[in-house]
Amino acid sequence: MKDFPATFLWGGAIAANQSEGAYNVDGKGLSIQDVTPKGFMGPITEEPTPDNMKLVGIDFYHRYKEDIKLLAEMGFKAFRISIAWSRIFPNGDELEPNELGLQFYDKVFDECEKYGIEPIVTISHYETPLHLSKTYDGWLNRKLIDFYIRYVKTLFTRYKDKVKYWLTFNEINSILYEPFCSGGIYTDKDKLTKQDLYQAIHHEFVASAMAVKLGREMMPNAKIGCMILAVPIYSLSPKPDDVIATMQKQREIMFFADVHARGEYPGYMKRYFKEQNIQIKMEPEDKEILTHTVDFISLSYYMSLCETADTNKKANSKGNILGGIANPYLRANEWGWQIDPQGLRYILNELYDRYRLPLFIVENGVGARDILVEDDEGNKTVIDDYRIEYLKDHLIQVGEAIEDGVEVIGYTAWGCIDIVSASTAELRKRYGFIYVDRHDDGTGTLERYKKKSFYWYKGVIESNGRTLGNEM
Ligand code: BG6
């Protein structure tokens, strides 16, 4: 197996709204997730409803010590979490933060430190305070920049000695497809124009660059990155029309990394705006603000897609956010997401060739239905060879990319402990190395059990990736 760097940040990732629960505890305000019981694919409710699995999550809020201990047992070097914005600013537009909310993350970071685990913190992971969404229409409103920066400044002030790695927005490009979940935009998706969407995106770009600037001033040793939902797009055929359509589709994603890494809007977007008659309203200072570019690029990777210029060809491959044309050479998981380990090597190379910035894979994994069984000693476990196979195949490709010369600084497997899924808010769709006894009907003891993959990943980390490919 190829050598991973000695400093490689092996670990796992979760998000506050999918794990913490305690949705109304210690002064937390409501977030947009508290009113979407069926995930972002479902309807928005007026009030939180008991069928919303995220209200309890996996009760990470009360069980973080036990959970971090288990992650430490696997040898985690890094743990990616997000901070629930509405724990810190319950409505989002207050002037003073909620002290109890801040204390919770102090305790989480201290627990990580105890085991030498580096926290990787997403500042905004689909958790816009509901009040900002309903009253201001989320990121459509430029005022969100001020609220976000107040929140960011509060986090940097409080945690500057505890957190080195920060991500400004989870999968920032997802706002194009899921404006409510990703951008807190309350207006119905169908009523939004392209002008609206790109204006909201501009606000997020400015906010993200301001966070980078502020972070550099306040924490000289910190590393601040953007986070992109990375999907490699393949041409369905060698037809030049298809190749150009593919380039355009790939740019829909790369645009977000371009602005963050190069500090300005790319030419192809200026052309697109002109042709679509989109006029982004910019303040005089925005141009300079955008020049504060990121230290690294982080990405989620789950699948690749194909593209064609043939408008008769309908999208037939599903993803959690981004669907498209299926690749006839790939198989899919139970939720229709096509599995393509080599796509990860490909996109890592593409991103590195383009930006020459360190890359951090902060999400990757496969959702599956697990079956809890008893092992020979009578311990409950899951024999999840399918998960081991998926992760192993992807990590081998990460090794290949590193061998290609790509600077990959870490890998945090998504949902390292079972959590509520984002797109459908299900618990039966599990990603973890640790099984959580909680089910979609709300039953379960919340007990944690180690799956087979727990021991496998422990071995991978222990050997710094050398055992990959040797065992199953
Ligand atoms: C990513 C999100 O899009 O995909 C996560 O950043 C999410 O929050 C992950 O959980 C997997 O999607 P799902 O719908 O299977 O949970």
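Every number for a ligand or one of its atoms is a count from 1 in the order of the listing.
- Between E389 and R331 there is a salt bridge, since at least one side-chain N of the basic residue sits less than 4.0 Å from a carboxylate O of the acidic one.
- The shortest N/O to N/O separation between Y126 and ligand 1 does not fall below 3.5 Å.
- A cation-pi geometry, defined here as NZ or CZ lying under 6.0 Å from the six-membered ring centre and within 45° of its normal, holds between R430 and Y435.
- Taking the six-membered ring where tryptophan is involved, the planes of W139 and F169 are perpendicular, since the angle between them exceeds 60° and thus also 30°.
- Here the heavy atom of the protein found nearest to atom 12 (O) of ligand 1 is N320 ND2, 3.2 Å.
- Numbered from 1 in the order shown, with element, the atoms of ligand 1 that lie under 4.0 Å from a heavy atom of K429 read 13 (P), 14 (O), 15 (O).
- Neither the backbone nor the side chain of A15 has any atom closer than 4.0 Å to an atom of ligand 1 (non-hydrogen atoms only).
- The closest protein non-hydrogen atom to atom 14 (O) of ligand 1 is S423 OG, 2.4 Å.
- The aromatic ring centroids of F104 and Y61 lie less than 6.0 Å from each other.
- Relative orientation of the Y126 and F40 rings is perpendicular, given thresholds of 30° and 60° on the angle between their planes.
- Counting heavy atoms under 4.0 Å from ligand 1, residue W337 touches it through the side chain alone.
- The shortest heavy-atom distance from Y431 to ligand 1 is under 4.0 Å.
- Ring orientation note: the planes of H125 and W414 are close to parallel, at an angle under 30° on the 30°/60° scale.
- For atom 10 (O) of ligand 1, the closest non-hydrogen atom of the protein is Q18 NE2, 2.9 Å.
- Protein heavy atom closest to atom 16 (O) of ligand 1, with residue, atom name and distance, is A422 N, 2.6 Å.
- For ligand 1, the atoms closer than 4.0 angstrom to any heavy atom of H125 are 5 (C), 6 (O), 8 (O).
- Ring pair F4/W10 is tilted by interplanar angle, where 30° to 60° counts as tilted.
- The side chain of N170, and not its backbone, has at least one atom closer than 4.0 Å to an atom of ligand 1 (non-hydrogen atoms only; side chain from C-beta on).
- The protein non-hydrogen atom at the shortest distance from atom 9 (C) of ligand 1 is Y302 OH, 3.4 Å.
- Within the cation-pi definition used here (under 6.0 Å to the ring centroid, within 45° of the axis), K429 qualifies as a partner of W335.
- For atom 2 (C) of ligand 1, the closest heavy atom belonging to the protein is E363 OE1, 3.4 Å.
- With no hydrogens or angles considered, no side-chain donor-acceptor pair links R262 and T293 at under 3.5 Å.
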